[in-house]
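Quick note: numbers below take in every heavy atom, side chains included, and nothing from hydrogens, waters or symmetry partners.
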Amino acid sequence: MPARYLDLHVLQDIPPSCLNRGEYNEPKSIIYGNVQRPMLSSQSMRRAQRTALEDILDEPATRSRMLPPRIARTLRDRGWPEDLATFAAAQIPRSALAKGMSTDSEGDGRTDAMIYAPAATLADDCADLCERHRPALEKALALTERPASPRKGSKARNDPASKPLLPVGDVVDLLTARTATINLFGRFLAGLPEAHVAGAVQTAPAWTTHQSDLQPDFFTAVDDWAEPGDAVAAHLDTAYLTAGVFYRYTSVNITELLTNTGNDHNKTFDLLALYIDVFLTTLPQAKKNSTAPFTLPDTVHYAVRERRPVSYAPAFHHPVKAERTGGHLAPSRTALSTYAGTLNTLIGTRHLIDSGYVTTAEADLDHLATRHTSFDSLTAAAVKAARQPEPAA
(Lines give C-alpha, C1' and ligand atoms only; values in the text may rest on other atoms or scores of the structure.)
Protein backbone atom coordinates (compact mmCIF):
# COMPACT_ATOMS: atom_id res chain seq x y z
CA MET A 1 0.00 0.00 0.00
CA PRO A 2 1.21 3.55 -0.63
CA ALA A 3 2.79 5.40 2.27
CA ARG A 4 0.71 8.00 4.09
CA TYR A 5 2.03 11.41 5.13
CA LEU A 6 0.96 14.29 7.33
CA ASP A 7 2.21 17.68 6.11
CA LEU A 8 2.18 20.72 8.37
CA HIS A 9 2.59 24.23 6.92
CA VAL A 10 3.03 27.05 9.41
CA LEU A 11 3.22 30.83 9.10
CA GLN A 12 4.67 32.37 12.24
CA ASP A 13 5.45 36.00 13.01
CA ILE A 14 8.70 36.04 14.98
CA PRO A 15 9.75 39.41 16.47
CA PRO A 16 13.36 40.66 16.69
CA SER A 17 15.45 37.72 17.88
CA CYS A 18 18.46 35.55 17.23
CA LEU A 19 17.09 32.01 17.52
CA ASN A 20 19.78 30.28 15.48
CA ARG A 21 23.32 31.57 15.09
CA GLY A 22 25.96 30.62 12.54
CA GLU A 23 29.73 30.30 12.54
CA TYR A 24 30.31 34.02 13.05
CA ASN A 25 27.73 34.41 15.84
CA GLU A 26 25.22 36.11 13.57
CA PRO A 27 21.68 34.95 12.84
CA LYS A 28 21.61 32.40 10.05
CA SER A 29 20.30 33.53 6.70
CA ILE A 30 19.82 32.06 3.25
CA ILE A 31 19.34 33.30 -0.30
CA TYR A 32 16.04 32.11 -1.80
CA GLY A 33 14.28 33.71 -4.72
CA ASN A 34 17.42 35.84 -5.16
CA VAL A 35 16.88 37.71 -1.88
CA GLN A 36 18.31 37.29 1.62
CA ARG A 37 16.03 35.82 4.25
CA PRO A 38 16.62 34.96 7.91
CA MET A 39 16.68 31.19 8.46
CA LEU A 40 16.25 28.67 11.25
CA SER A 41 18.06 25.42 10.54
CA SER A 42 16.11 22.19 10.71
CA GLN A 43 18.69 20.84 13.18
CA SER A 44 18.08 23.64 15.67
CA MET A 45 14.31 23.21 15.49
CA ARG A 46 14.44 19.42 15.76
CA ARG A 47 16.65 19.54 18.84
CA ALA A 48 14.20 21.90 20.54
CA GLN A 49 11.33 19.60 19.58
CA ARG A 50 13.17 16.46 20.71
CA THR A 51 14.03 17.82 24.14
CA ALA A 52 10.49 19.18 24.59
CA LEU A 53 9.01 15.77 23.75
CA GLU A 54 11.40 14.03 26.12
CA ASP A 55 10.45 16.41 28.93
CA ILE A 56 6.73 15.84 28.33
CA LEU A 57 7.09 12.06 28.15
CA ASP A 58 9.74 11.93 30.90
CA GLU A 59 11.68 9.69 28.53
CA PRO A 60 15.09 11.26 27.97
CA ALA A 61 17.46 10.08 25.27
CA THR A 62 21.12 10.97 24.91
CA ARG A 63 23.21 11.75 21.86
CA SER A 64 26.75 11.61 23.14
CA ARG A 65 30.28 10.32 22.67
CA MET A 66 30.71 10.15 26.43
CA LEU A 67 29.16 6.77 27.24
CA PRO A 68 32.43 5.01 28.23
CA PRO A 69 33.53 7.78 30.65
CA ARG A 70 30.01 7.82 32.12
CA ILE A 71 30.08 4.03 32.65
CA ALA A 72 33.54 4.25 34.23
CA ARG A 73 32.27 6.92 36.63
CA THR A 74 29.28 4.74 37.55
CA LEU A 75 31.56 1.78 38.27
CA ARG A 76 33.90 3.93 40.39
CA ASP A 77 30.89 5.10 42.38
CA ARG A 78 30.15 1.43 43.02
CA GLY A 79 33.61 0.95 44.48
CA TRP A 80 35.49 -0.38 41.47
CA PRO A 81 39.17 0.60 41.26
CA GLU A 82 40.03 3.26 38.70
CA ASP A 83 41.94 1.03 36.29
CA LEU A 84 39.34 -1.73 36.28
CA ALA A 85 36.43 0.71 35.85
CA THR A 86 38.11 2.37 32.85
CA PHE A 87 39.04 -1.00 31.33
CA ALA A 88 35.52 -2.40 31.77
CA ALA A 89 33.82 0.70 30.36
CA ALA A 90 35.98 0.47 27.23
CA GLN A 91 34.57 -3.02 26.64
CA ILE A 92 31.08 -1.65 25.88
CA PRO A 93 32.06 -0.06 22.53
CA ARG A 94 34.62 -2.84 21.99
CA SER A 95 31.93 -5.51 22.28
CA ALA A 96 29.31 -3.72 20.16
CA LEU A 97 30.86 -4.62 16.79
CA ALA A 98 33.04 -7.37 15.40
CA LYS A 99 35.94 -4.95 15.14
CA GLY A 100 34.79 -2.66 17.91
CA MET A 101 33.58 0.92 17.75
CA SER A 102 36.33 3.49 17.26
CA THR A 103 37.24 5.35 20.44
CA ASP A 104 39.67 8.01 21.62
CA SER A 105 42.36 5.69 22.90
CA GLU A 106 44.66 8.56 23.89
CA GLY A 107 42.07 10.37 25.98
CA ASP A 108 39.15 9.27 28.13
CA GLY A 109 37.89 6.55 25.80
CA ARG A 110 34.94 8.50 24.37
CA THR A 111 33.54 7.04 21.16
CA ASP A 112 34.35 8.66 17.82
CA ALA A 113 30.66 8.47 16.81
CA MET A 114 27.80 9.73 18.94
CA ILE A 115 25.59 7.06 20.45
CA TYR A 116 21.87 7.87 20.48
CA ALA A 117 20.03 5.75 23.03
CA PRO A 118 17.71 5.97 26.06
CA ALA A 119 19.47 8.01 28.72
CA ALA A 120 17.64 7.23 31.96
CA THR A 121 19.34 3.93 32.82
CA LEU A 122 21.89 3.41 30.03
CA ALA A 123 25.03 3.91 32.12
CA ASP A 124 23.60 1.87 35.00
CA ASP A 125 22.51 -0.96 32.70
CA CYS A 126 25.96 -1.06 31.07
CA ALA A 127 27.57 -1.04 34.52
CA ASP A 128 25.28 -3.91 35.57
CA LEU A 129 26.49 -5.89 32.55
CA CYS A 130 30.10 -5.25 33.59
CA GLU A 131 29.27 -6.35 37.14
CA ARG A 132 27.97 -9.70 35.87
CA HIS A 133 31.24 -10.30 34.02
CA ARG A 134 33.64 -8.76 36.54
CA PRO A 135 35.80 -11.89 37.02
CA ALA A 136 36.52 -12.13 33.28
CA LEU A 137 37.29 -8.41 33.12
CA GLU A 138 39.64 -8.60 36.11
CA LYS A 139 41.47 -11.56 34.58
CA ALA A 140 41.82 -9.83 31.20
CA LEU A 141 43.09 -6.63 32.83
CA ALA A 142 45.69 -8.58 34.81
CA LEU A 143 46.92 -10.30 31.64
CA THR A 144 47.02 -6.98 29.78
CA GLU A 145 49.15 -5.36 32.49
CA ARG A 146 51.53 -8.36 32.85
CA PRO A 147 54.83 -7.75 31.03
CA ALA A 148 55.12 -9.98 27.97
CA SER A 149 58.19 -12.25 27.82
CA PRO A 150 57.82 -14.45 24.73
CA ARG A 151 60.39 -17.10 24.08
CA LYS A 152 62.85 -16.51 21.30
CA GLY A 153 61.30 -17.29 17.96
CA SER A 154 57.74 -17.44 19.31
CA LYS A 155 54.94 -14.99 18.52
CA ALA A 156 53.99 -12.37 21.08
CA ARG A 157 50.96 -13.13 23.22
CA ASN A 158 47.67 -11.70 21.92
CA ASP A 159 46.27 -8.76 23.87
CA PRO A 160 43.32 -10.12 25.92
CA ALA A 161 41.45 -6.86 25.36
CA SER A 162 41.67 -7.21 21.58
CA LYS A 163 38.55 -9.40 21.50
CA PRO A 164 35.13 -8.76 23.03
CA LEU A 165 34.99 -9.59 26.72
CA LEU A 166 31.25 -8.91 27.11
CA PRO A 167 28.37 -10.72 25.35
CA VAL A 168 27.93 -8.94 22.02
CA GLY A 169 24.18 -9.57 21.96
CA ASP A 170 23.69 -7.98 25.39
CA VAL A 171 25.70 -4.90 24.42
CA VAL A 172 23.82 -4.54 21.15
CA ASP A 173 20.50 -4.78 22.99
CA LEU A 174 21.53 -1.89 25.26
CA LEU A 175 22.71 0.33 22.41
CA THR A 176 19.72 -0.35 20.15
CA ALA A 177 16.96 0.31 22.70
CA ARG A 178 14.52 3.03 21.61
CA THR A 179 12.53 5.94 22.93
CA ALA A 180 9.58 7.78 21.38
CA THR A 181 11.87 10.43 19.93
CA ILE A 182 14.09 7.79 18.34
CA ASN A 183 10.99 6.31 16.71
CA LEU A 184 10.10 9.78 15.44
CA PHE A 185 13.42 11.20 14.31
CA GLY A 186 15.34 8.01 13.52
CA ARG A 187 18.86 6.91 14.36
CA PHE A 188 22.04 5.90 12.55
CA LEU A 189 25.12 4.36 14.13
CA ALA A 190 27.93 3.54 11.71
CA GLY A 191 28.82 -0.15 11.65
CA LEU A 192 25.87 -1.23 13.79
CA PRO A 193 22.94 -1.84 11.41
CA GLU A 194 20.80 -3.17 14.26
CA ALA A 195 20.71 0.38 15.66
CA HIS A 196 19.39 1.91 12.45
CA VAL A 197 15.91 3.44 12.68
CA ALA A 198 14.50 5.18 9.62
CA GLY A 199 13.33 8.66 10.57
CA ALA A 200 9.58 9.20 10.26
CA VAL A 201 9.88 13.01 10.48
CA GLN A 202 11.33 15.26 7.80
CA THR A 203 11.84 18.93 8.62
CA ALA A 204 12.73 21.80 6.31
CA PRO A 205 14.72 24.86 7.32
CA ALA A 206 12.41 27.74 8.16
CA TRP A 207 12.87 31.10 6.42
CA THR A 208 10.94 34.32 5.98
CA THR A 209 8.34 34.67 3.28
CA HIS A 210 9.85 38.06 2.42
CA GLN A 211 13.21 39.75 2.18
CA SER A 212 14.70 40.74 5.52
CA ASP A 213 18.16 41.94 6.50
CA LEU A 214 20.13 41.54 9.69
CA GLN A 215 19.46 44.37 12.15
CA PRO A 216 22.38 45.57 14.33
CA ASP A 217 21.73 46.02 18.04
CA PHE A 218 24.50 48.00 19.74
CA PHE A 219 24.59 47.41 23.48
CA THR A 220 26.70 48.14 26.55
CA ALA A 221 27.17 46.43 29.89
CA VAL A 222 27.47 48.86 32.80
CA ASP A 223 29.97 48.31 35.62
CA ASP A 224 27.92 48.94 38.75
CA TRP A 225 31.07 49.29 40.89
CA ALA A 226 33.00 51.60 38.63
CA GLU A 227 35.56 53.82 40.37
CA PRO A 228 35.40 57.59 39.90
CA GLY A 229 36.86 58.42 36.50
CA ASP A 230 36.35 54.90 35.11
CA ALA A 231 34.27 54.37 32.01
CA VAL A 232 30.81 53.34 33.13
CA ALA A 233 30.45 50.95 30.19
CA ALA A 234 32.57 47.90 30.97
CA HIS A 235 31.67 46.11 27.74
CA LEU A 236 30.56 47.34 24.30
CA ASP A 237 29.38 45.12 21.46
CA THR A 238 26.94 44.75 18.60
CA ALA A 239 24.51 41.86 18.32
CA TYR A 240 22.45 41.14 15.22
CA LEU A 241 18.77 40.33 15.25
CA THR A 242 16.23 39.25 12.64
CA ALA A 243 12.45 39.46 12.42
CA GLY A 244 9.74 38.43 10.02
CA VAL A 245 7.03 35.99 9.02
CA PHE A 246 8.59 32.52 8.79
CA TYR A 247 7.35 29.61 6.70
CA ARG A 248 7.87 26.36 8.63
CA TYR A 249 7.25 22.92 7.14
CA THR A 250 7.42 19.35 8.38
CA SER A 251 6.17 16.03 7.08
CA VAL A 252 5.55 12.85 9.08
CA ASN A 253 5.68 9.51 7.29
CA ILE A 254 2.86 7.83 9.21
CA THR A 255 3.54 4.46 7.61
CA GLU A 256 7.18 4.60 8.77
CA LEU A 257 6.16 5.68 12.25
CA LEU A 258 3.82 2.70 12.50
CA THR A 259 6.71 0.45 11.52
CA ASN A 260 8.97 2.04 14.14
CA THR A 261 6.42 1.49 16.92
CA GLY A 262 5.85 -2.16 15.97
CA ASN A 263 2.50 -1.31 14.36
CA ASP A 264 1.11 -0.14 17.69
CA HIS A 265 -1.66 2.19 16.48
CA ASN A 266 -2.46 3.78 19.82
CA LYS A 267 1.19 4.56 20.52
CA THR A 268 1.71 5.85 16.96
CA PHE A 269 -1.20 8.25 16.86
CA ASP A 270 -0.77 9.47 20.42
CA LEU A 271 2.82 10.28 19.48
CA LEU A 272 1.67 11.94 16.26
CA ALA A 273 -0.71 14.21 18.17
CA LEU A 274 2.01 15.09 20.64
CA TYR A 275 4.46 15.87 17.84
CA ILE A 276 1.94 18.22 16.18
CA ASP A 277 1.52 20.09 19.46
CA VAL A 278 5.28 20.36 20.03
CA PHE A 279 5.96 21.41 16.43
CA LEU A 280 3.43 24.25 16.74
CA THR A 281 4.57 25.50 20.13
CA THR A 282 8.36 25.01 20.18
CA LEU A 283 11.16 27.14 18.77
CA PRO A 284 14.95 27.18 19.28
CA GLN A 285 15.90 28.94 22.50
CA ALA A 286 19.02 30.95 21.59
CA LYS A 287 19.16 34.44 23.20
CA LYS A 288 15.70 33.95 24.67
CA ASN A 289 16.63 35.90 27.82
CA SER A 290 17.31 39.07 25.86
CA THR A 291 14.65 38.74 23.14
CA ALA A 292 11.75 36.62 24.55
CA PRO A 293 10.37 35.76 21.09
CA PHE A 294 7.63 33.50 22.45
CA THR A 295 5.01 33.84 19.72
CA LEU A 296 2.67 31.17 18.38
CA PRO A 297 1.84 30.38 14.74
CA ASP A 298 -0.51 32.76 12.98
CA THR A 299 -1.71 30.21 10.42
CA VAL A 300 -1.42 26.42 10.36
CA HIS A 301 -2.47 24.22 7.44
CA TYR A 302 -2.39 20.43 7.51
CA ALA A 303 -2.79 17.94 4.69
CA VAL A 304 -2.90 14.14 4.96
CA ARG A 305 -1.76 12.60 1.68
CA GLU A 306 -0.89 9.26 0.18
CA ARG A 307 2.15 8.44 -1.96
CA ARG A 308 4.28 11.52 -1.23
CA PRO A 309 4.50 14.70 0.85
CA VAL A 310 4.17 18.15 -0.75
CA SER A 311 5.95 21.30 0.42
CA TYR A 312 4.45 24.74 -0.26
CA ALA A 313 7.84 26.46 -0.26
CA PRO A 314 7.46 27.66 -3.89
CA ALA A 315 4.55 29.82 -2.72
CA PHE A 316 7.22 32.20 -1.42
CA HIS A 317 9.86 31.89 -4.13
CA HIS A 318 8.84 35.41 -5.08
CA PRO A 319 9.13 37.27 -1.76
CA VAL A 320 5.82 38.70 -0.64
CA LYS A 321 5.48 42.46 -0.47
CA ALA A 322 4.25 44.26 2.61
CA GLU A 323 0.80 45.78 2.65
CA ARG A 324 0.53 49.52 2.19
CA THR A 325 -0.05 49.90 5.88
CA GLY A 326 2.88 47.58 6.63
CA GLY A 327 3.10 43.94 7.60
CA HIS A 328 3.73 40.67 5.78
CA LEU A 329 1.20 38.43 7.52
CA ALA A 330 -1.82 39.03 5.28
CA PRO A 331 0.06 38.68 1.97
CA SER A 332 1.78 35.56 3.31
CA ARG A 333 -1.57 33.97 4.13
CA THR A 334 -2.84 34.84 0.66
CA ALA A 335 0.26 33.39 -1.02
CA LEU A 336 -0.03 30.14 0.96
CA SER A 337 -3.73 29.70 0.20
CA THR A 338 -3.36 30.60 -3.47
CA TYR A 339 -0.52 28.13 -3.98
CA ALA A 340 -2.49 25.35 -2.26
CA GLY A 341 -5.36 25.97 -4.67
CA THR A 342 -2.98 25.94 -7.64
CA LEU A 343 -1.51 22.61 -6.55
CA ASN A 344 -4.93 21.05 -6.03
CA THR A 345 -5.78 21.99 -9.61
CA LEU A 346 -2.41 20.81 -10.93
CA ILE A 347 -2.18 17.38 -9.26
CA GLY A 348 -5.79 16.81 -8.27
CA THR A 349 -7.05 15.69 -4.89
CA ARG A 350 -7.39 11.91 -5.37
CA HIS A 351 -4.41 11.32 -3.05
CA LEU A 352 -5.45 14.07 -0.61
CA ILE A 353 -7.27 12.35 2.25
CA ASP A 354 -8.08 15.45 4.29
CA SER A 355 -6.88 18.98 4.95
CA GLY A 356 -7.76 21.97 7.04
CA TYR A 357 -6.39 25.06 8.74
CA VAL A 358 -6.54 27.46 11.62
CA THR A 359 -5.69 31.16 11.43
CA THR A 360 -5.93 34.37 13.41
CA ALA A 361 -7.29 36.18 10.33
CA GLU A 362 -10.95 37.15 10.36
CA ALA A 363 -11.48 36.26 6.71
CA ASP A 364 -11.47 32.65 5.55
CA LEU A 365 -8.62 31.32 3.42
CA ASP A 366 -10.38 29.90 0.39
CA HIS A 367 -8.09 27.02 -0.67
CA LEU A 368 -7.08 25.49 2.67
CA ALA A 369 -10.29 23.44 3.12
CA THR A 370 -11.96 23.16 6.54
CA ARG A 371 -11.41 25.96 9.00
CA HIS A 372 -10.87 24.97 12.63
CA THR A 373 -11.17 27.15 15.69
CA SER A 374 -8.13 25.99 17.66
CA PHE A 375 -4.88 24.05 17.53
CA ASP A 376 -6.58 21.27 19.50
CA SER A 377 -9.42 20.81 17.01
CA LEU A 378 -6.99 20.95 14.08
CA THR A 379 -4.78 18.31 15.72
CA ALA A 380 -7.76 16.04 16.40
CA ALA A 381 -8.91 16.31 12.78
CA ALA A 382 -5.42 15.66 11.41
CA VAL A 383 -4.92 12.57 13.59
CA LYS A 384 -8.39 11.27 12.71
CA ALA A 385 -7.58 11.58 9.00
CA ALA A 386 -4.21 9.90 9.52
CA ARG A 387 -5.97 6.95 11.20
CA GLN A 388 -8.45 6.35 8.39
CA PRO A 389 -8.29 2.80 7.02
CA GLU A 390 -6.45 2.20 3.79
CA PRO A 391 -8.76 2.61 0.78
CA ALA A 392 -9.89 -0.53 -1.01
CA ALA A 393 -7.67 -1.55 -3.94
Side-chain angles (χ1 to χ4, degrees), residues 10-32 35-56 60-66 69-70 73 104 107-108 110 114 119 181 203-248 277-298 319-320 322 325-329 332 360:
V10 171
L11 297 176
Q12 186 161 353
D13 187 6
I14 299 179
S17 57
C18 182
L19 295 177
N20 187 203
R21 283 173 279 187
E23 180 180 4
Y24 301 106
N25 208 35
E26 293 181 355
K28 287 188 176 180
S29 63
I30 194 168
I31 301 294
Y32 184 63
V35 298
Q36 177 174 279
R37 308 168 191 236
M39 181 187 79
L40 305 177
S41 71
S42 56
Q43 294 90 337
S44 69
M45 291 187 291
R46 285 162 70 97
R47 176 169 175 77
Q49 292 156 15
R50 177 174 73 85
T51 55
L53 282 165
E54 291 170 359
D55 287 344
I56 293 169
T62 181
R63 295 176 70 243
S64 178
R65 299 171 55 205
M66 301 299 293
R70 184 63 65 93
R73 184 190 310 165
D104 177 17
D108 54 11
R110 66 187 67 188
M114 284 201 294
T181 54
T203 308
W207 31 263
T208 55
T209 62
H210 50 88
Q211 181 176 2
S212 182
D213 298 321
L214 304 183
Q215 302 295 321
D217 173 28
F218 175 77
F219 67 91
T220 66
V222 175
D223 189 331
D224 293 330
W225 285 4
E227 296 289 340
D230 287 348
V232 176
H235 177 74
L236 310 174
D237 204 353
T238 299
Y240 287 87
L241 306 177
T242 59
V245 178
F246 283 74
Y247 171 67
R248 300 170 52 212
D277 177 65
V278 166
F279 182 79
L280 298 184
T281 58
T282 304
L283 287 172
Q285 300 292 294
K287 290 188 76 72
K288 65 179 180 180
N289 289 349
S290 56
T291 58
F294 304 130
T295 62
L296 289 170
D298 171 84
V320 301
T325 55
H328 293 98
L329 270 173
S332 295
T360 64

* In terms of side-chain heavy atoms, does Ser41 have a donor or acceptor partner in Asn20 at a distance below 3.5 Å? -> yes
* To do: May I have the step-by-step check of side chain to side chain donor-acceptor pair (under 3.5 Å) for Asp298 and Thr360, ending in yes or no?
  => CA-CA 6 Å; Asp298 171 84; Thr360 64; 2.3 Å; yes
* Counting N and O atoms only, with roles assigned by atom type, does the side chain of Ser212 sit under 3.5 Å from a partner on the main chain of Ala243, one being a donor and the other an acceptor? -> yes
* **Nearest-0.5 Å distance, OG1 of residue Thr295 to CD1 of residue Ile14** => 5.5 Å
* Can you name the closest pair of heavy atoms from Pro319 and Val35 and give their distance? -> CG-CG2, 3.9 Å
* Could you pull out the closest heavy-atom pair between Ala48 and Leu283, with the gap in Å? => CB-O, 3.6 Å
* Quick one: list whatever passes side-chain contact (heavy atoms from CB on, under 4.5 Å) with Ala119, sequence neighbours left out. => Pro60, Thr62
* Is it true that a side-chain atom of Arg110 and a backbone atom of Met66 form a donor plus acceptor pair closer than 3.5 Å? -> no
* Would you please say whether a donor-acceptor pair under 3.5 Å links the side chains of Thr209 and Ser332? => yes
* **Flag, side chain of Glu227 to backbone of Trp225, donor-acceptor distance under 3.5 Å** => no
* Flag the pair Phe246 / Trp207 as yes when their ring centroid distance falls below 6.0 Å, and as no otherwise. => no
* Asked: Can you list the steps and then say if Arg248 with Gln12 is a side chain to side chain donor-acceptor pair (under 3.5 Å)?
  -> CA-CA 8 Å; Arg248 300 170 52 212; Gln12 186 161 353; 2.8 Å; yes
* Asked: In terms of ring plane angle, is the pair Phe219 and His235 parallel, tilted or perpendicular, where the classes change at 30° and 60°?
  -> tilted
* Structure fact -> Contacts of Glu54 meeting side-chain hydrogen bond (donor to acceptor under 3.5 Å, both in side chains) (sequence neighbours excluded), chain-then-number -> Arg50, Thr181
* Asked: For Arg65, does the CZ atom sit with more than 12 other heavy atoms under 6.0 Å from it, leaving out its own atoms?
  -> yes
* Any donor-acceptor N/O pair, Arg37 side chain to Tyr32 backbone, under 3.5 Å -> yes
* Counting distance only, does the side-chain N/O of Ser44 pair as donor-acceptor with the main-chain N or O of Leu40 below 3.5 Å? -> no
* Asked: Got a donor-acceptor contact below 3.5 angstrom from the His210 side chain to the Val245 backbone?
  -> yes
